[in-house]
Amino acid sequence: MTDPHGFLKVPRRPVPARPVEERLGDWNEVYAGQARLPLVSEQAGRCMDCGIPFCHSGCPLGNLIPEWNAYAAKDDWWAAAERLHATNNFPEFTGRLCPAPCEDACVLTINTDPVTIKNVEQAIADEIWARGYASPRPPERLSGKTVAIIGSGPAGLAAAQQLTRIGHTVAVYERADRIGGLLRYGIPAFKMEKQHLNRRIEQMRSEGTKFRTGVDIGSDLDATELTRRHDVVVVAVGARGQRELPVPGRGLHGIHQAMDYLTFANRVTEGDYITSPVTAEGKHVVIIGGGDTGSDCLGTALRQGATSVVQLDINPEPGEARREAEPWPTYPKVYRISHAHEEGREREGADPRIFSSATLRLEGDRHGHVRGIRLAEVEPEDRRPRPDTEHVISADLVLLALGFYGPERGTGLMKQLGLTLDDRGNFARDADFAAESAERAEHAERTVPTGTGGVFIAGDAGRGQSLVVWAIAEGRSAAAAADRYLSGSTELPSPVAPRDRPLVA
């Protein structure tokens, strides 16, 4: 460890983001160009190197946080990079996108501020590339086995890299025109510039992974044909089934699913459009949904020049501190401010979110375009509308950010592979990530393996909507299961099991 009294002498100081007025004028990352290393090295020295590092439990990847903190504190970036890459294929993704449950599990959180783990991780990840520590690692020899990965989000990419490096021949199939899944088209550039994704893809190509874009498995190519061509198929299509808003007025013009809106905005930054087909410029924007996707829509609308932006959250406003029902080291529901919320608050003078608010109906003009939303406050216990609280707010553009119910259903992929749904609405799988056969699952006890031969489920498709860090952990674990199926044993790590859940109360 470093200075054993560092956490007593050095206060927590996160890396500052760029000024709001500056970052709202471009699509660059909020930390772009900010000096990190001296501050990060000092902050890494606050790590206590606990006897039991609970930050490991907060992170599904089992990141070796105290180890790379110690190396970062000493400016030993080579050793820090080695320790970080030991558990995480893509730390430049998680360092930017993960909400850092590891920080809420930090032992310092018991009575003070946690280590700035996320800042340290991002700094190490960026130094990995700046110093040339991310050289391709092609396998020494090939196994002769072939693997198809369906989906190129973080779970699919992690599984592909692990299986390629162990010696299998891997092809990744993506229905979109570019690799990356939600990392490409769902995450705004101001949270993660696409150069970070592009260089990882090029690294994987150099290692031997093949990529096939514009191929919708189940439609363009029969999934059973894929199982004939390959020894293993890993389904990592994510949880793209978007929840709807069943209220009067849903059919009005000017109402869009958040992911469609974000995809258009990302295609502008990719150069596909000069301006987005769905833009917030000059409009009163209302985002229905209080999660991360809604926050991403908020930051995007502000950069597009919206006249006003409001984000509706049906949940009550959380408190500033942990509740007794959510003790350390769980990830608590507390009042959090994203960078987009900070931007909205500085521009509007108040938090852009309205809590405990339910949409009763959407109101339009005589041309069939949305012009307002009728809201009501709700009871925190059962979300029932409170009497005499109805009111209308202006809306020219409504974005539905209500989350995802699981993988898309009734698709050719699902039918051709005989995939079934579990009780949470995700693709059913056994304890070793193998997809459950519809016929065998109907007759077998849950304690008996029911996997279809050579088909595995990874990421949100089997877990449900989750965090990028869970997707990578799932990809690594599914890769280990697939390698074990192909080779009889595996040396690949398996950080999570299919039924593991986040550390929450």
Side-chain angles (χ1 to χ4, degrees), residues 1-19 29-59 61-88 91-92 94-128 130-131 133 319-324 326-332 334-339 342 469 503:
M1 64 182 298
T2 54
D3 184 352
H5 303 105
F7 68 96
L8 295 172
K9 297 185 294 187
V10 178
R12 175 183 167 97
R13 287 181 58 205
V15 174
R18 293 187 293 143
E29 289 180 8
V30 296
Y31 293 112
Q34 300 296 83
R36 290 195 187 92
L37 296 193
L39 176 59
V40 161
S41 295
E42 178 190 58
Q43 291 295 303
R46 296 183 68 238
C47 182
M48 299 164 59
D49 193 16
C50 309
I52 301 177
F54 280 84
C55 54
H56 287 193
S57 301
C59 175
L61 282 167
N63 277 335
L64 307 173
I65 295 166
E67 295 183 38
W68 42 258
N69 271 335
Y71 290 123
K74 299 174 182 176
D75 293 326
D76 188 345
W77 301 106
W78 170 264
E82 189 277 330
R83 290 287 78 196
L84 185 52
H85 265 153
T87 57
N88 189 348
E92 65 272 30
T94 54
R96 288 170 165 80
L97 305 177
C98 183
C102 53
E103 293 191 12
D104 286 287
C106 177
V107 173
L108 282 177
T109 310
I110 295 174
N111 62 352
T112 187
D113 296 323
V115 176
T116 56
I117 298 172
K118 183 174 178 177
N119 284 171
V120 178
E121 180 180 21
Q122 183 177 344
I124 298 171
D126 290 348
E127 287 302 297
I128 287 172
R131 296 170 184 260
Y133 298 160
E320 296 281 353
R322 288 177 182 267
R323 299 180 301 144
E324 289 186 6
E326 297 174 317
W328 172 87
T330 61
Y331 188 69
V334 296
Y335 185 77
R336 301 177 191 270
I337 290 285
S338 72
H339 289 111
E342 179 187 26
V469 68
L503 191 64

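- Considering only residues two or more places apart in sequence or on other chains, Arg12 meets the side chain to side chain donor-acceptor pair (under 3.5 Å) condition with Glu103.
- Rounding to the nearest 0.5 Å gives a distance of 13.0 Å between NE2 of His85 and CG of Leu64.
- The shortest heavy-atom contact between Ile117 and Cys102 is CG2-SG, 3.6 Å.
- One distance of note links CD of Gln122 with CD of Glu127; it measures 11.0 Å at 0.5 Å rounding.
- In this structure Glu342 satisfies the side chain to side chain donor-acceptor pair (under 3.5 Å) test together with Arg23, sequence neighbours excluded.
- Atoms CG and CD, on Asp3 and Glu42 in that order, are 11.0 Å from each other to the nearest 0.5 Å.
- Every residue two or more places apart in sequence or in another chain was checked for a salt bridge (Lys or Arg N to Asp or Glu O under 4.0 Å) with Glu121, and none qualifies.
- Trp78 meets the side-chain contact (heavy atoms from CB on, under 4.5 Å) test with Asp76, Tyr133; sequence neighbours excluded.
- Residues forming a ring pair (Phe, Tyr, Trp, His ring centres under 6.0 Å) with Phe54 (at least two apart in sequence, or on another chain): Trp328.
- By the side chain to side chain donor-acceptor pair (under 3.5 Å) test, Asp75 is found to be paired with Ser41, residues two or more places apart in sequence or in another chain being considered.
- In this structure, the side chain of Asn119 does not engage the main chain of Pro14 through any donor-acceptor pair within 3.5 Å.
- The side-chain contact (heavy atoms from CB on, under 4.5 Å) search around Pro66 returns Cys47, Asp49, Pro53, Cys55, His56, not counting sequence neighbours.
- Rounded to the nearest 0.5 Å, atoms CG (Asn69) and CD1 (Ile124) are 7.0 Å apart.
- By the salt bridge (Lys or Arg N to Asp or Glu O under 4.0 Å) test, Arg18 pairs with Glu22, Asp26, sequence neighbours left out.
- The nearest pair of heavy atoms linking Pro99 to Tyr331 is CB-OH, 3.5 Å.
- Separation of atoms OG1 (Thr87) and CG (Leu61) is listed at 6.0 Å; rounding is to 0.5 Å.
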Let me check something: any side-chain donor-acceptor pairs from residues 31-39 under 3.5 Å, sequence neighbours excluded? List them with distances.
| unit_1 | atom_1 | unit_2 | atom_2 | d |
| --- | --- | --- | --- | --- |
| Tyr31 | OH | His339 | NE2 | 3.4 |
| Gln34 | NE2 | Pro16 | O | 3.1 |
| Arg36 | NH1 | Asp126 | OD2 | 3.3 |

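- Every side-chain contact (heavy atoms from CB on, under 4.5 Å) that Pro332 has, sequence neighbours left out, goes to Asp104, Arg322, Glu326, Val334, Arg336.
- The CD atom of Glu92 lies 9.0 Å from the CG atom of Leu84; values are rounded to the nearest 0.5 Å.
- Residues that satisfy the salt bridge (Lys or Arg N to Asp or Glu O under 4.0 Å) test with Glu82, not counting sequence neighbours, are absent from this structure.
- Listed by chain and number, the residues in a side chain to side chain donor-acceptor pair (under 3.5 Å) with Thr109 amount to none (sequence neighbours excluded).
- For Arg46 against Val10, the heavy-atom pair with the smallest separation is NE-O, 2.8 Å.
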